[in-house]
Amino acid sequence: MVRLMVDAPAAGSDESTVDAFLQGGRPAEHPAQGEPSLRHAPGPYFGNYGGRWMPESLIAALDELEDTFEKAKADPEFTAQIADLNKNYSGRPSLLTEAKRFAEHAGGVRIFLKREDLNHTGSHKINNVLGQALLAKRMGKTRVIAETGAGQHGVASATAAALLGLECVVYMGAEDCRRQSLNVARMELLGATVIPVTNGSQTLKDAINEALRDWVANVGNTHYLLGTAAGAHPFPAMVRYFHEVIGEEARAQILDQTGRLPDAVCACIGGGSNAIGIFHGFLDDPSVKIYGFEAGGEGVETGRHAATITLGKPGVLHGARSYLMQDDDGQTIESHSISAGLDYPGVGPEHSYLADIGRVSYEPITDSEAMEAFRLLCRTEGIIPAIESAHALAGAIKVGQRLAADAAAGKATDASEKIVMVNLSGRGDKDVATAAEWFDLLDKDSPEAEIAKEGEQL
Amino acid sequence: MSTGQDGNQHASKSAAAIDRARAQGRAALIGYLPAGYPSVKDTIAAGIALAENGADLIEIGIPYSDPVMDGQVIQAATTEALAKGFHVREVFDVVRGITSKTDAAVLVMTYWNPVVRMGVDEFSRRLAEAGGAGLITPDLIPDEAAEWMTASDKYGLDRVFLVAPSSSPERMKRTVDASRGFVYAVSIMGVTGARTSVSSAARDVVAAAHAAGAERVCVGLGVSTASHVREIAEYADGVIVGTALVAAIRDGGVDAVASLTKDLSTGLTKEEA
């Protein structure tokens, strides 16, 4: 665990587990034995994290949402609706694909990709938006609002709203609107209204602020369809619930295809919704090491990154106590990543807890490492990943090489018997222009090169 | 609501200021200014002008990167203060600068993370030392306030929580019980900013807070004119003006704050029926 952070973990964490982890040992030989399950954590608190750090004006809406969600979970009609939409609209279960040629670059371990990129709208985001849009209908709300960075969650929200006949307003930083003009058009095609946010840094966190202001003023008819497993209770536990299907499918699929559990599970972390979804399936399996890969941007030493757990300190933002990129005054620091979907200075509270107890190891991946993995997957498997997911792929290469080194040193069985699973959270169609610019594939004078310089992600 | 004298040696400065106004047969006037806008020196001068022209309590806001309860005018002011290099510790200079020159109760209004970062106890100690009355906390509810309850008791600071038109009777009671000094009644479901009329919901929120045991309830959000003040002074114990004062200091400096305060204060006296 590359923990460069100087602050000690918050009080109450399991120091011995953390120490063991820092020294490279396993979290514990059998952490599940005699210990409570880490699965289905209900919130509002995950250790010292989570809670509801929100204006009183919104507490009634959070209470209503929690109540509606708890009743819906216990209602067979609701769970059947979700199952039906997952199967017949999103295209679930998503595939589990072995990436044999890619794996040759990862120490020769076996690598399996959980193909969330094959879902309708192209990423895991659809799992959450369908669930929340159904809850909005149950609450009698006629309007949903959402924040978006790259536009993926905005597109998914607009999709769910169109499907269920809800009005949809998406807040998006003015800077992001400019960089992602085709995703703005995509949302508008789906009937949503996109409002550019010109406050603050004009990026994702400011879009969340503006969505919260809208929610306070319109909470009577409006549901805030938050896009990640962060924010005030019940959002972290609720968003995870809708993404748990990823881990459940993946666990059954790997057992079916290989007859055993993986040695490691890898995912990228922005707010952390795709990660918590796949992690959840393996939290109580002590033999499975779990890795979350944060956006290291230009390198954590440069200050231009989004490695919230690696370098942040606990604080409260957008409704939850969690690790946070902040200065000595508690002002939020702007994050930087080539991947707009990971470019967020906060992280979901359950991840902060899993980091402190040492169950999940969080490491930064730089833009360069992610883009190398991006190219590798394109060339070896014929799959163009989202740049977000490329962070998980780059992490998997490192994990695979470590497992191979252990095997070479006689500390483990042969690398070819090791299994690493990667959550391929989204497809990279939206990232083609960014990648083309990164790899210098465009003619200098072409219109595409001009667009790419602006950071356009198609 | 605690009266401010129960169980500790510190009297509530906010309660005392509101009670002084009440003894004069009127509601209290509470004015908001963001610290460091347009400069720390100006905030102190404007705070003194507020007190000298009829404000009984003064709220000093800490500029914060993510002010989710603020509308455009206050956002623009606090963003500018941060861009000019405002530091959280300077809020204590502002509080001391005003309390050393006036009798007004000076509260700090702050989003919670800057307090967390400094340490709740350390922040409270320094605020008390600067002569501050307490904190107004727009994104801290009593449910999450254990640390602040302890520190505010230790240093004799008022803890002003918000109640809203959406607050359930149970939450209203809980929040009133946790508050000291006064309860901040949000007049409308929305963010800060001047509005043409005061929501009728404000009267109901105040009535509910009083019914839940609050001795002092002050109304804020959307209050910008003497006629708004007059309307609210009919049923509330204090009236809070923010955005209009920020616009005044923006457009006319400390003099404009003084004259607006004088005008607003004409609305405080309850009219004969």
Side-chain angles (χ1 to χ4, degrees), chain A residues 7 10 44-45 50-64 197-202 204-222 231-233 313-322 324-334 345-346, chain B residues 62-72 75-76 78-79 82-83 85-91 110-119 123 137-146 161-168 170-172 174-175 183-186 188-193 205 221:
Chain A
D7 276 22
Y45 301 104
R52 298 195 299 182
W53 309 83
M54 273 291 201
E56 170 66 24
S57 298
L58 289 173
I59 298 296
L62 293 169
D63 281 342
E64 180 191 20
V197 175
T198 55
N199 308 316
S201 56
Q202 309 192 7
L204 179 58
K205 83 174 177 67
D206 305 285
I208 294 175
N209 293 341
E210 205 55 32
L212 286 169
R213 292 181 189 114
D214 179 318
W215 202 26
V216 171
N218 300 295
V219 68
N221 72 345
T222 299
H233 180 71
K313 301 176 179 73
V316 292
L317 176 70
H318 295 147
R321 186 171 193 279
S322 195
L324 176 62
M325 289 176 58
Q326 54 180 323
D327 68 14
D328 290 342
D329 270 357
Q331 310 285 356
T332 310
I333 294 175
E334 282 176 41
Chain B
I62 296 181
Y64 176 55
S65 52
D66 296 277
V68 297
M69 279 294 282
D70 284 311
Q72 292 295 337
Q75 277 184 54
T78 54
T79 300
L82 287 173
F86 176 82
H87 281 289
V88 169
R89 61 178 179 275
E90 291 177 278
V91 79
T110 182
Y111 293 94
W112 198 239
N113 198 51
V115 181
V116 172
R117 190 75 200 99
M118 184 175 289
F123 189 101
T137 51
D139 64 351
L140 180 71
I141 56 174
D143 320 43
E144 305 288 2
F161 294 105
L162 279 61
V163 292
S166 58
S167 300
S168 65
E170 296 74 30
R171 291 203 60 82
M172 182 67 78
R174 181 173 189 170
T175 307
V183 175
Y184 190 127
V186 171
I188 191 171
M189 294 300 286
V191 298
T192 60
V205 182
L221 255 61

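The shown structure was predicted, so the numbers you read here are calculated from the model rather than taken from an experiment. A, B, ... follow the sequence lines: proteins, then strands. Residue 1 opens every chain.
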Proximal component of P138(B), with respect to chain A [non-hydrogen, under 4.5 Å]: backbone
Check whether any side-chain heavy atom of P67(B) sits under 4.5 Å from a side-chain heavy atom of R213(A), and report yes or no. yes
Q331(A) side chain to S65(B) backbone, donor-acceptor under 3.5 Å: yes
Considering non-hydrogen atoms only, spot the tightest contact between V316(A) and N113(B) and give its length. N-OD1, 2.8 Å
With distance as the sole test, does D329(A) use its side chain to make a donor-acceptor pair with the main-chain N or O of V88(B) at under 3.5 Å? yes
Would you find a donor on one side and an acceptor on the other, under 3.5 Å apart, between the side chain of S57(A) and the backbone of M189(B)? no
CG (L317(A)) and OH (Y64(B)) are apart, to the nearest 0.5 Å, by 5.0 Å
Between N209(A) (side chain) and V68(B) (backbone), is there a donor-acceptor pair under 3.5 Å? no
Over all heavy atoms of both residues, which pair between D328(A) and R117(B) is shortest? Give the atoms and the distance, please. O-CG, 3.3 Å
Mind checking whether D143(B) and R52(A) have side chains closer than 4.5 Å, heavy atoms only? yes
Could you tell me which portion of T79(B) (side chain, backbone, both or neither) has an atom closer than 4.5 angstrom to a non-hydrogen atom of chain A? neither
Please classify the contact between V115(B) and chain A as side chain, backbone, both or neither, with a heavy-atom cut-off of under 4.5 Å. neither
For I208(A), is it the side chain, the backbone, both or neither that has a heavy atom under 4.5 Å from a heavy atom of chain B? neither
Looking only at atom types and distance, does a side-chain atom of D139(B) sit under 3.5 Å from a main-chain N or O of W53(A), one as donor and one as acceptor? no
Which atoms of V219(A) are under 4.5 Å from chain B, going by heavy atoms: the side chain, the backbone, both sets, or neither? side chain
Could you tell me whether the side chain of R171(B) reaches within less than 4.5 Å of the side chain of D63(A), counting heavy atoms only? yes
Just so I understand: if I count every heavy-atom pair under 4.5 Å between each of G319(A), A211(A), G330(A) and chain B, which residue has the most? G330(A)
Is it the side chain or the backbone of Y184(B) that comes within 4.5 Å of chain A heavy atoms, both, or neither? neither
Side chain, backbone, both or neither: which part of Q75(B) has an atom under 4.5 Å from a heavy atom of chain A? side chain
If you compare all heavy atoms of E56(A) against all heavy atoms of V163(B), which two are closest, and at what distance to 0.1 Å? CG-CA, 4.0 Å
